[in-house]
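Below is one structure; the comments refer to it alone.
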Amino acid sequence: MSSLKDNSFLKKILQLFPIIILFIAVFNEFDANYFGIPFLSFNFAFILIFFWTLKKIENFGYGLIFVAGIINDVVTGAPIGLSSFCYMLICVATSYFRSITLRPNITKDWIFFLVTISCVNSIYYIILSYFFNIDIDYRFLLTNNFATFLIFFLFYLVFDIYYKKFFGKSDV
Amino acid sequence: MNVSRDDFVIAIRSAFLKKQTKQKFSLLSLIILSVVILFLSSFDSKITKITRSGINEFIYRSSFVLSAPEKILKNLSYEIKSHFSVYSNLKKTEQELNEFKSKKISLDILEFENQKLREQLDDYLVSTEVIYSKIIIDNKSQYLRSFVINKGSKDGIKPGMVVLDQQYLVGKVIEVNFGTSRVLLMSDINSNIPITISPGNLLAIATGTGQNQAKVNFLKKIHFDKITNDSLVYTSGTGGLIKSGVPIGKIVDFDPKADGDIIIEFFSDFSQLQYVSVTAFNKITDLENEASSAESNELLTGPALKNKLELLLQEKEINDQITNKIKFENENLKNQLSKIQIELISKQKKIEAQKEKIESHNIDNEELNFLRLNLEFGEKCRKKAFLKKGFKTGSPEYKQCVLKKGRL
């Protein structure tokens, strides 16, 4: 592992890995349900953005998240700018949460994540329904919201290991 | 209290305005930018259209390239599954093919008749040009059911054109870029297609459910008794965008007593689509007008004559098929007639034999009745030595007397 850390190119790639994953996720629309069971659908981009902006890593810039949102809108066929707006709201929430938290722990992050994505999904639904007259089934949105909340715990543990390995301890 | 409020304001201000380490943009500026983009995207000006088309084009192509490994994995798993079930599928397909072959001729005839009748009604729509295209992005989002195809305005695609999988309806084009287009699937909840439910010829609207199905809307409950499971759903042609009779799917899990939705299961499996055809339907009269004007210009040049000849040949072929079909039916009817005649003769013979049996049975009954009465009233009817009354035993008068119960 030390040889990996000495290799600056590989280190850079590993540090860029979260943003690369975000772009792959939005290009492939990774939040979709691959198994055809509605309850397994989750929004992977929300999990990525929430975790890595909360950890405040250098390479996970707001500008790149904004571009990822634009790509997500084009791929899903939603009005351009909507996902960027939602992603920025998540960034605002994590920035606020980081500034008010003294001792971060997984439970607090998890609960705050539920509050954040619930608000963001509500805004998403309102904008689509009332401003663009695009109907979406709110039941899917609710199940997606809940599934994203549940699965966040799992990804949190995985990302935390990765974070500690390649970025050092949390600066929160 | 004031201190905590101040803390909250400071935290919020910091969240919105403060640029973090190595962040080039503040969140507030990006939020404003996204709102501006959202606002602009709701306008249909030429500049926004061109910009949006350019962005879409670039991102669709990039997404197609980046999602290639995922697609390969998906196809691989599908191919492995289909490989293991190849034998059973082959047998099933062979059986289906035989059934379809026998139905094909009847269908051709019906189609031909239908076409002629519709021409008379001035309601016959034909597809002007079929554009075959490949699906480049199909990510099955939970919210918007759509996919992107690799043909755009440069290939003649226009918004509203109909998308078919073989002959089954899939959806319609909602967004057209230079080299790509987005298709809204029938399963999307924003999709509304006028339909006819057969049998019963019920007119309604099919609305997507957001899953791989659609539901029937705007149909009164009084018509529910005409619907059964496996009732077929076609396009009704209302609105003139899609021609009538394009198959969509069939009704499943229908219970007329329950208050639930009437669900349509599509004939086409949207999860397995790779190639689709895009087409627009125009009235045949429009086309004929165009053709006649072209004819007057070109005065039946080579290609026009060739087209006419092809049409006539097609018509002749259908007529031949009709003749063959009628001949075949005649032969069948003759065979059936001779069979029926043979059956009739044998049944007549049977009836004769049974009649004879019944008659003999009736005679037996009469005899039995006479004997029974004879025992009881024979003494009264028989002629005695010193009396004038009575008849000789065995004479017809004696029999009559016995049958009249001894009344002389």
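By convention in this document, chain letters (A, B, ...) are assigned in the order of the sequence lines, proteins followed by strands, and residues within each chain are numbered from 1.
The heavy-atom pair separating B/Arg182 from A/Val75 by the smallest distance is NH2-O, 2.8 Å. Summarising the geometry of A/Ser95 relative to B/Leu27, their closest heavy-atom pair is CB-CD1, 4.4 Å, with the distance given to 0.1 Å. Shown here for B/Leu66 and A/Phe27, the closest heavy-atom pair between the two residues is CD1-CD1, 3.1 Å.
Under a cut-off of 6.0 angstrom, the local environment of CZ in A/Phe132 is crowded, with over 12 non-hydrogen atoms contributed by other residues, nucleotides or ligands. In this structure, A/Phe23 places its CZ atom where more than 12 heavy-atom neighbours from other residues, nucleotides or ligands lie under 6.0 Å away.
In this structure, the portion of A/Ile100 lying under 4.5 Å from any heavy atom of chain B is its side chain and not its backbone. For A/Asn133, the part lying under 4.5 angstrom from a heavy atom of chain B is the backbone only. Contact annotation for A/Phe85: both backbone and side-chain heavy atoms come within less than 4.5 Å of a heavy atom of chain B.
Here CG of A/Asn72 is found 10.0 Å from OG of B/Ser63. Values are rounded to the nearest 0.5 Å. To the nearest 0.5 Å, atoms CD1 (A/Ile136) and CZ (B/Arg145) are separated by 12.5 Å. Summarising the geometry, atom CZ belonging to A/Phe66 is positioned 5.5 Å from atom OG belonging to B/Ser34; distances are rounded to the nearest 0.5 Å. Residue B/Ile31 holds its CD1 atom at 10.0 Å from OH of A/Tyr62, rounded to the nearest 0.5 Å.
For the salt bridge (Lys or Arg N to Asp or Glu O under 4.0 Å) test, residues two or more places apart in sequence or in another chain that qualify with A/Asp160 are A/Lys55, A/Lys164. Partners of A/Asp109 by side-chain hydrogen bond (donor to acceptor under 3.5 Å, both in side chains), not counting sequence neighbours, listed by chain and number: A/Tyr156.
Shown are B/Ile59, B/Leu40, B/Asn56, B/Leu38; of these, the side chain to side chain contact (heavy atoms under 4.5 Å, CB included) with A/Ile80 is made only by B/Asn56.
Within the structure, salt bridge (charged side-chain N to carboxylate O under 4.0 Å, His left out) pairs that include any residue of residues 146-161 of chain B do not occur (at least two apart or interchain).
Chain A is approached within less than 4.5 Å, heavy atom to heavy atom, by B/Arg52, B/Ile55 from residues 47-55 of chain B, ordered by number.
Judged by distance alone, with hydrogens and angles left aside, the side-chain atoms of A/Asp135 form no donor-acceptor pair with the main-chain N or O of B/Asn190 at under 3.5 Å.
When each of A/Ser83, A/Ala78, A/Gly77, A/Ser84 is scored by its heavy-atom pairs under 4.5 Å with chain B, the top score falls to A/Gly77. Of all the listed residues (B/Ile37, B/Val65, B/Val148, B/Ile174), the one sharing the greatest number of non-hydrogen pairs under 4.5 Å with chain A is B/Ile37.
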